[in-house]
2 protein chains.
Amino acid sequence: MTTLKPVTVYDIAREANVSVATVSRVLNNTAPVKKSTREKIVELINKYQFQPNALARSLSKKVTGMIGVILPDITNPFFPEVLAGLEQEARSKGYTFFLCDTVSTNGDSKEQYERESQYLNILLEKQVDGIVIIGGRINLARPTKEHVNEVIEVSKRVPTVLINGSLPGHPMNRVFADEREGAELATQHLIDLGHRDIAFAGGYRGMSNTLQRIQGYVRTMERNGLAVRKEWLLDGGFSVESGKRFMNQLLQMEERPTAIFCANDLVAIGVMKVAYKAGLQVPQDLSLIGFDDIPYAANSIPELTTVSLKGYDVGRGAADMLHQLITKSKASKNTRVRPELIIRETTTPPR
Amino acid sequence: MTTLKPVTVYDIAREANVSVATVSRVLNNTAPVKKSTREKIVELINKYQFQPNALARSLSKKVTGMIGVILPDITNPFFPEVLAGLEQEARSKGYTFFLCDTVSTNGDSKEQYERESQYLNILLEKQVDGIVIIGGRINLARPTKEHVNEVIEVSKRVPTVLINGSLPGHPMNRVFADEREGAELATQHLIDLGHRDIAFAGGYRGMSNTLQRIQGYVRTMERNGLAVRKEWLLDGGFSVESGKRFMNQLLQMEERPTAIFCANDLVAIGVMKVAYKAGLQVPQDLSLIGFDDIPYAANSIPELTTVSLKGYDVGRGAADMLHQLITKSKASKNTRVRPELIIRETTTPPR
DNA sequence: GTGAAAGCGCTAACAC
DNA sequence: GTGTTAGCGCTTTCAC
């Protein structure tokens, strides 16, 4: 705690009988330095455990090597996955991370968007080299003009890439998993198994990702000549809790689906729990397919069939794109990663 | 992408016909400014969307408001929990986060420790106001002298708190969940249920947290006059995979325990899966108790009995302690949070 | 190969 | 109330 007085380039320079410029040169390998003086300087650096002040350096170089990540809730298992991909790729390129979790303690989404705004400002002030945004307002089907503009403005000042989201009407650099295709994969899988009575559960109608999933579901149903029953289109959440609620609703109905396509794995887990408690066997009595392929999906009993949104890959892709943007100030505006159907144990032909 | 030329206090000052000092004053509310001039300045700030450069500010104020977090693997569900607590508390105090994930892609722990060293340096250079370390080398039963010294040195320069770990022989600021107590709680619970043949599975002998858990287990067994069989003391991992391995080993033995205390929830999940596939009912044929209480524990089928290490609370505690350290440069050196037994569905009396 | 000095953008004495 | 100015610690021309 007793903060030591920090050593600076001047201290090193003085003791080495050289100028700060020379010290800087050896620090950055930015120009040839006579071997003997270089050695003396290096020695001093080690002796004093000299750590160049990154703030000062960044201030003059106008590069921080930091990239800011804005996400809605690190506690949602989907995000650590993409963060890991992001991290791995970005680190290899020398970047370091600024984590901005916008989760609101009271679950108020207005508070969340406010927090996003704050963080956007903070990141700008901190002079990050790039920003990646995932979740939150960029998943809104109809974001407010202010929310959109804010992001647009930010992206004019610092390279920004969106993950799995967009700003309707504004082309942005983004990398995304094709959610519609994923939903089609899921639905078709169920249909191929012989299901005709398929429900969709989860998500929020106000969110574009939900809309895309529903769209994929509806399209695939129709393409196969199957009816979409709107009472089987249950939305209102992405959580385990909401999954439980959905299943309870379904349990009340006299006509029940033989399979449920859940908006994400968490919902599927909730559904499965309630189904189980109600005495239904999964998949014998009810087939279930999730979405996202969070780590736990492979470990539930039975193991959850799902579609992988390739969080890790998406994360890497984002880091890569951001790096392009930062260095070459250009990049393909879009990277689409294709989801993958992961067949495990919760889907089987209907009785 | 087209980076706009940034506006500075000088620009604002010039246009407002005042000095930069005055601009700074309204920015920081650090001295009274005549209402009319303040208004003019504020107006200009809005007009140009002026964002003060945090690097410059921090350089001169010698405070960054950033705290660095070093953790082993954000993908392990225990960490997001403590990160969330940390975040929530730290944010309320105006701090912002630097995330350093030291996970090594190839699973090489040497690489991980190296990464820790790198990040320690980076954080120092970035002039973070505080550092929190969780996992990694601070969980080693016998860390190398260099690893220890490095952390010691760092902690001399910037307030540092360790979460759930320590440096043997060196008092450090730390907040931790009492793992031994947790292990006692778990073991006693099993014993109270009537189990006598209790195995312990998971962890690494080289890690202090494992040792503490084992110690709690052994002590409780002995205190109850129960034998600890060393062939039922299985270690070698904290993952679902290792849990599967442990259960397979147990399955080979002619004498099997009626209950298993798993070193963490992930292991318990692995054990449960293999047990299930082997036709064993949990908890009827085999009681299982986990450790950590990761979010998933409440959602498995059956729901996992476990002991909560209060990750969120620990995180908050760490943020709090760090803040004390940063502002008052002192704090209680230790905060111990007491674990809690969470009885769910995987434990029951033996047949 | 090396040094002097002018920034980078902000804060904080210290004057007035 | 407000301005001047000297830093904060580093990089980077431009000379030599």
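Order of the sequence lines sets the chain letters (A, B, ...), proteins ahead of strands, with each chain counted from 1.
- The ring-ring contact (aromatic ring centres under 6.0 Å, His included) pairs that include a residue from residues 109-132 of chain B are B:Y113-B:H147, where partners are two or more places apart or lie in different chains.
- For the ring-ring contact (aromatic ring centres under 6.0 Å, His included) test with B:F98, the passing option among A:Y95, A:F97, A:F98 is A:F98; the others fail.
- For the atom pair CG of B:D101 and CD of A:Q88, the computed distance is 10.0 Å after rounding to the nearest 0.5 Å.
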Under a 4.0 Å heavy-atom criterion, the protein footprint on nucleotides 7-16 of chain C, written with B, S and -, is BBBBSBB---
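- Salt-bridge formation is not detected for the pair B:K40/B:E43: no Lys NZ or Arg NE/NH1/NH2 atom is positioned less than 4.0 Å from an Asp or Glu carboxylate oxygen.
- For the salt bridge (Lys or Arg N to Asp or Glu O under 4.0 Å) test, residues two or more places apart in sequence or in another chain that qualify with A:K47 are A:E15.
- Judged purely by atom type and a 3.5 angstrom limit, B:T22 has no side-chain atom pairing as donor or acceptor with the backbone of B:V18.
- Between atom CG of residue B:D129 and atom CG of residue B:L322 there is a gap of 8.5 Å, rounded to the nearest 0.5 Å.
- Applying the side-chain hydrogen bond (donor to acceptor under 3.5 Å, both in side chains) rule to B:R38 yields no partners; only residues at least two apart in sequence or on another chain are considered.
- Taking the charged nitrogens against the carboxylate oxygens, B:E111 and B:R115 do have a contact shorter than 4.0 Å, which makes a salt bridge.
- For the helix from C:dG1-D:dC16 to C:dC16-D:dG1, the end axes, each set by the C1' atoms of five terminal pairs, are bent relative to each other by 40° (nearest 10°).
- If you walk DNA chain D from 5' to 3' and mark each nucleotide with an atom closer than 4.0 Å to a heavy atom of chain A, the marks span D:dG9 to D:dT13.
- Other residues, nucleotides and ligands contribute only 12 or fewer heavy atoms inside 6.0 Å of the NZ atom of B:K34.
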